[in-house]
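This report concerns only the one structure given below.
As the structure is a computational prediction, the values presented were derived from the model and not from experiment.
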Amino acid sequence: MRIKSIRGVKDILPDEIAKWQWTEDWARKIFRRYGFKEIRIPIFEDSRLFSRGLGETTDVVEKEMYTFADRSGDSLTLRPEGTASVVRSYVEHKMHHPPSVVKLYYMGPMFRYERPQAGRFRQFYQIGVEAMGSASPTVDAEVMCMLVDFFKTLGLPDVELQINSLGDKESRPQYRKILQNAIEPHLNNLCANCNQRYEKNPLRVLDCKEAQCKEIARDLPKTVEHLNPESREHFEEVQTLLKAAGISFAINPLMVRGLDYYSRTTFEITSSELGAQNALCGGGRYDYLVETFDGPPTPCFGFALGMERLVSVIKPGLDLETADRPDLYIVSLGDKARQASFNIAGELRSKGLIVERDYDGSSLKSQMRKANQKNCRFALIIGDNELESGKLVLKNMVESEQTEIPLDSFSDEILKIAVPAS
Ligand code: HAM
């Protein structure tokens, strides 16, 4: 019986992995510079964490969660995102003591039952960042700067930063009423989804993708037109700081984001190199989520980026192409040579070389072909004759030059010539 992978779930194959690791390594390096530390959160959680945290009427909670009862009947959910889990962990481990800004990042798979298409999967990987404990607009700007810094380091081509402000818990109820009143006369012309959203989550009407709704949304009142003075000042300060950092951005008053926990600043970065699913990352401020889970008032700002989308737009540099290139292939000819090469390989690996070898006693020609296929820098040829004479042959695969290496000091001699690539 042949079993295939599940729709919308894919393997990340060894040939692609260098790009992934390179990206993750840079994320770690750059996030560290800004004082962020890694947190590893569970893959599954109590379902209520997400239904309460992300909002009962969001698409993710209503239609996309992988929820199941475990053997004791508890309702568990495969995490559709990381923010709710980080907040749970923050409260559970009392990270608010002593008071300071807690800066965390995470990497790993998320699960959403969405309709699979290019750039949209049911299991996808995110790198997420959460800065918890400050309401300062400097945090918003600094985290976005960090992201831009990261994208620049990866050599990303054209990306566009869009920002918006959704207001705060004082301004939102008033705005919601104004928006509902403005939507009402258009209900007959809005899609069925928006007719439902009008009641439960009217802000989502603003970023509906249906053509007829987009047309209507253009003229609806926007959140940025109804901010209270505090939120307006916050939004203006974020813009001033971004400008000071030389980061270009556009205000998109229709960007609402699909999760309900946001307040004030929201943002998305899109890439013109991606297709319909063009959001590389998104995030924003969520000043009330920690309180939802019985933590103290803790204003937060964060984002998550989609790894599949990011990796698909990175153009690998030369260092990436050679990242996993073996230093040396051991070609062994004859039984004694094969036995000896077991220890020779071990010693060379202990000195830091990436060593490949033959296992099955194939011909010299076939082993050399494999050394070539694996793009090895050197081949070390060991035959029974070489063992007897005490001299091995080291072949430079790029320049096709051969050097004799004394068997009794082979690792020192090889290291002089083949400095480990990694
Ligand atoms: P999100 O916008 O739902 O935000 O997801 C962030 C990013 O994950 C998207 O911009 C996209 O690149 C990627 N993504 C989302 N769904 C899929 C999918 N089905 N297939 C492939 N990639 C996908 C969040 O998840 C928030 N937790 C971000 C955040 C952190 N806000 C504050 N802190």
Side-chain angles (χ1 to χ4, degrees), residues 8 10 12 15-31 34 59-60 80-83 105-110 112 114-129 140-164 206-209 214 238-239 242-243 245-259 262 265-284 301-317 319-321:
K10 63 170 197 153
I12 299 145
D15 281 349
E16 306 165 76
I17 212 72
K19 251 184 175 187
W20 283 69
Q21 291 173 338
W22 183 74
T23 307
E24 289 161 2
D25 288 350
W26 271 115
R28 288 196 163 89
K29 260 188 243 170
I30 290 176
F31 296 172
Y34 287 78
D59 284 352
V60 174
E81 60 105 58
T83 310
Y105 72 89
Y106 48 90
M107 300 178 179
M110 307 292 160
R112 295 183 193 175
E114 290 195 82
R115 197 168 51 79
Q117 64 179 87
R120 197 204 268 154
F121 306 94
R122 289 183 172 169
Q123 174 175 329
F124 58 96
Y125 284 75
Q126 281 188 345
I127 298 182
V129 158
D140 311 25
E142 192 172 281
V143 171
M144 287 188 271
C145 285
M146 178 172 85
L147 186 56
V148 171
D149 211 359
F150 174 52
F151 283 174
K152 269 198 196 136
T153 312
L154 300 185
L156 266 203
D158 290 348
V159 292
E160 196 189 335
L161 170 64
Q162 296 191 341
I163 61 171
N164 193 17
L206 294 175
D207 72 353
C208 179
K209 303 286 176 280
K214 270 183 166 176
V238 170
Q239 294 174 56
L242 287 176
K243 281 180 196 153
I247 293 175
S248 50
F249 60 88
I251 296 175
N252 178 358
L254 294 174
M255 187 183 63
V256 171
R257 311 261 315 121
L259 306 163
Y262 292 109
T265 320
T266 54
F267 78 99
E268 275 183 11
I269 294 187
T270 53
S271 165
S272 56
E273 302 221 345
L274 292 168
Q277 302 301 316
N278 67 351
L280 275 176
C281 71
F301 185 91
F303 70 81
L305 61 85
M307 275 295 282
E308 288 80 1
R309 295 182 194 180
L310 179 58
V311 162
S312 75
V313 292
I314 293 170
K315 307 268 184 300
D319 58 340
L320 195 52
E321 276 160 23

Would you check if the side chain of [X] reaches a backbone N or O of [Y] as a donor-acceptor pair within less than 3.5 Å?
X	Y	value
E308	Y125	yes
K10	G8	no
R309	A279	yes
R122	E114	yes

Do the side chains of [Y] and [X] get nearer than 4.5 Å, heavy atoms only?
X	Y	answer
I247	M144	no
L310	F151	yes
L259	E81	yes
Y34	V143	no
E142	F301	no
T266	V256	no

Could you give the distance from [atom1] ([X]) to [atom2] ([Y]), rounded to the nearest 0.5 Å?
X	Y	atom1	atom2	answer
I30	D25	CD1	CG	11.0 Å
M307	M110	CE	CE	11.5 Å
M107	W20	CE	CH2	11.5 Å
L147	L305	CG	CG	6.5 Å
N252	I163	CG	CD1	10.0 Å
M255	L206	CE	CG	11.5 Å

Please assess L161 against L242 for the test side-chain contact (heavy atoms from CB on, under 4.5 Å), listing each intermediate value before the final yes or no.
-> CA-CA 11 Å; L161 170 64; L242 287 176; 4.2 Å; yes

Picking from T270, V159, V313, what satisfies side chain to side chain contact (heavy atoms under 4.5 Å, CB included) with N278?
-> T270

Shortest non-hydrogen contact from [X] toward [Y]:
X	Y	answer
E268	R257	OE2-NH1, 3.0 Å
S271	L280	CB-CD1, 3.9 Å
C281	F267	SG-CE1, 4.3 Å
Q126	G82	OE1-N, 4.2 Å
M146	F303	CE-CE2, 4.4 Å
N164	L254	ND2-N, 4.4 Å

Does NZ in K315 sit with more than 12 non-hydrogen atoms of other residues, nucleotides or ligands closer than 6.0 Å?
-> yes

Is K19 positioned over the aromatic face of W22, cation under 6.0 angstrom from the ring centre and no more than 45 degrees off axis?
-> no

